[in-house]
Amino acid sequence: MYVRPELVSSSQLTIVKGGIVMSNAVADSGQKSHADEVKRLERREGWKRRLPILPALIFTIVVTQIPFLFTLFYSLTDWRLDKPEPREFIGVENYGSLPGDKFFRDAAWISVQMTVMAVLLSLIVGTLLAILLDRKFFGQGFVRTLLITPFLVMPVVAGFMWKTQMFGATFGILNWILNLFGFESIEFATKYPLASVVVVLVWQWSPFMMLIVLAGLQGQDTSVLEAARVDGATSFGIFRQITFPQLRPFLELGTLLGAIYLIQVYDHIEVIVGGQPGAKNLPFYIAQRSIGGGNRFGLASSYSIIVVIASIIIANIGLRVLSGLLEDDS
Amino acid sequence: MAEVRYEAASRIYPGSEIPAVNKLDLDISNGELLVLVGPSGSGKSTALRMLAGLETVNEGSIHINDVDVTLKPPQDRDIAMVFQNYALYPSMTVGENMGFALKQAKVPKEERAAQVREAARILDLEPYLDRKPKNLSGGQRQRVAMGRAIVRSPQVFLMDEPLSNLDAKLRVQTRTELADLQARLGTTMVYVTHDQVEAMTMGHRVAVLKDGILQQVASPRELYRRPKNRFVAGFIGSPAMNLLDVDRTDGQFRIAGTTIELTDEMKAAASAVEGTTFGVGVRPEHLKFTSDGSGMAGEVVVVEALGSESFLHVKVQHEGRDELLVVHEAGDTDFGRGDNVTIAVTGPVHVFAPDGDSV
């Protein structure tokens, strides 16, 4: 009889170590109190539940937590690749210099603007699309799939597509339309870098918001909507007074998930505006300062830590919202 | 206060050939509590929803107070509906739920609050006005749904199985309260249920539906005493009427070898009908055990002793096959499973022609 070491209590473990056959241990446990047996079974149940997630947990720790600890350590050094001096521990000096660093302040401000605009606009567009989709019509499934596709496009591909085929002065569709009406071509990506990036982000993220809001809309009890109709409410009145309050947790969830992802956008900026000023957010600036040629890994690490802390704060609020959502359902 | 009239009203769902409600003709008078009853799929809920304006009327028309409302949207019909799952607005408090319709009608705030308080007083909901529906028990939710309906003082109340989500005891209690409330308010009410006990106890008149077709509409007593066809006879009454297929031989009907005595009237009516296999029905309370060995011989299979009354299921040999007859006995019973008994008919017998219609 094989017993996994973690499943037996310490007293039993010594018996096993002492080489006494397990049948004795079983007989032993037979004399034990009922409570002990229940405790043993519960512990066993607990391990049955924990063990399967262990590999994933180890993997996550290896690829995220260990690099994070390294970054934390680097952020406390003056490590830079372009000088042959040894890495020196300088405490929180990097962080102290952040408030006075104009580049950091600009990048942080761009990050805030970009995230807020992209999240809010995609939420509005997504909600409108979801309302349109939340009714039966011929080809509904097909239209829904089409509407989701932008979300499935790789960020780099989306960036290139918009840069050349939409924004571009020579081949861009937007400029072609402008020319049709007699206007001059505009180099959108150069003239309005932040707006250009936000437009592409909204195009990619509206489908995501649409799916979340659609789930909320379709989870509605139809008889509640019918009751409101019988009670004399207009369609708009029903949306404002019944549907919208019920959608609130879904909108909050979309906002938070979107914000967590959009705060770390890099690909779109790299492809659409490159190193131009005006649309460099924190992640982009971090890359530029370190692997992108700046080579100041110590300083860049301190920026990363700031972004991580901001993300953790947002994620925590997000988790609270999510648990609220699940509670409401039960 | 209103009269409601269905005129050959039909509902055919898209993609279906058979109407869910088939040419329904029904007159409901002012202040009446009419119950629509039938098994699931009989079209009773659809008929109600047609009156509410939630289902399209494909043919025919519906009138409230002689006004044709067939094409009017629900909000223009001045009706209030209580749904099976109550359909309370989850994001609103009890008070807001009850005042919702008034708010839509742009009733001033103070007046609205007064009317909500009055309805809450009638339904004992005053302590709960600031609670959200999810913090209420099933019975309280049901009362809020009722309150939402009565606050509006509508022309007609529509009830779609409003008690089916309550537990048995509360259901019986609420049933009485609801009927009482309707009587006090004097508002016309159309009440849908699948429960024939609810139909019999609450309805001034009961309309029995099957497969979208109105079978009979009559007072509960009339339905019980003179069911128009075999379906109504089997559906109304608990436990159900004993209904057997009986072959007519020499103008006589025999159950388990015993000739059933018919009134002269029924004999005449039956002899005017062609065919051999008739349906013969006797209610359980119109059967009794004989002590002299006369009547139908059978064996007790199941005894349901309820204390105040008992129902005995008796197996008899009828035309070469086993049939079960349910016999009602007042109070307790002396018989047990396996006892051999003889049964006699003491009350009215119902005879149904081969096509199911009562003769």
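Nothing here was measured: the structure is a model prediction, and the numbers come from that model. By convention in this document, chain letters (A, B, ...) are assigned in the order of the sequence lines, proteins followed by strands, and residues within each chain are numbered from 1.
In this structure, Ile177(A) places its CD1 atom where more than 12 heavy-atom neighbours from other residues, nucleotides or ligands lie under 6.0 Å away. By the 6.0 Å contact criterion, CZ on Phe137(A) is enclosed, its count of non-hydrogen atoms from other residues, nucleotides or ligands being greater than 12. Counting heavy-atom neighbours within 6.0 Å of Arg50(A) CZ, excluding the residue itself, gives a total above 12. Within 6.0 Å of OH on Tyr13(B) lie more than 12 heavy atoms contributed by other residues, nucleotides or ligands. Within 6.0 Å of OH in Tyr192(A) there are 12 or fewer heavy atoms belonging to other residues, nucleotides or ligands.
In this structure, no portion of Ala105(B) lies under 4.5 Å from any heavy atom of chain A. Using a 4.5 Å cut-off between heavy atoms, Leu102(B) does not touch chain A at all.
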Please evaluate residues Thr234(A) and Gln104(B) with respect to the criterion side-chain contact (heavy atoms from CB on, under 4.5 Å), reporting the C-alpha separation (whole Å), side-chain torsions for both, the decisive distance (0.1 Å), and the verdict. CA-CA 8 Å; Thr234(A) 58; Gln104(B) 307 311 306; 5.8 Å; no
Take Lys103(B) and Asp231(A) through the salt bridge (Lys or Arg N to Asp or Glu O under 4.0 Å) test and state the conclusion after the steps. CA-CA 9 Å; Lys103(B) 194 175 165 193; Asp231(A) 274 352; over 6 Å; no
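Interatomic distance, Thr222(A) OG1 to Asn85(B) CG, rounded to the nearest 0.5 Å: 8.0 Å. Taken from OH in Tyr89(B) to CG in Leu225(A), the straight-line distance is 9.0 Å, to the nearest 0.5 Å. With values rounded to the nearest 0.5 angstrom, Glu226(A) atom CD is found 4.0 Å from Arg49(B) atom CZ.
Closest non-hydrogen pair, Gln75(B) versus Ala233(A), comes out as NE2-O, 4.2 Å. Taking every heavy atom of both residues into account, Gly53(B) and Arg229(A) meet most closely at O-NH2, 3.9 Å.
When Arg148(B), Gln84(B), Met81(B) are compared by the number of non-hydrogen pairs under 4.5 Å with chain A, Arg148(B) comes out ahead. Chain B forms the most heavy-atom pairs under 4.5 Å with one residue out of Pro245(A), Ala228(A), Gly237(A), and that residue is Ala228(A).
You'll find the side chain of Leu88(B) stays beyond 4.5 Å of the side chain of Val224(A), heavy atoms only.
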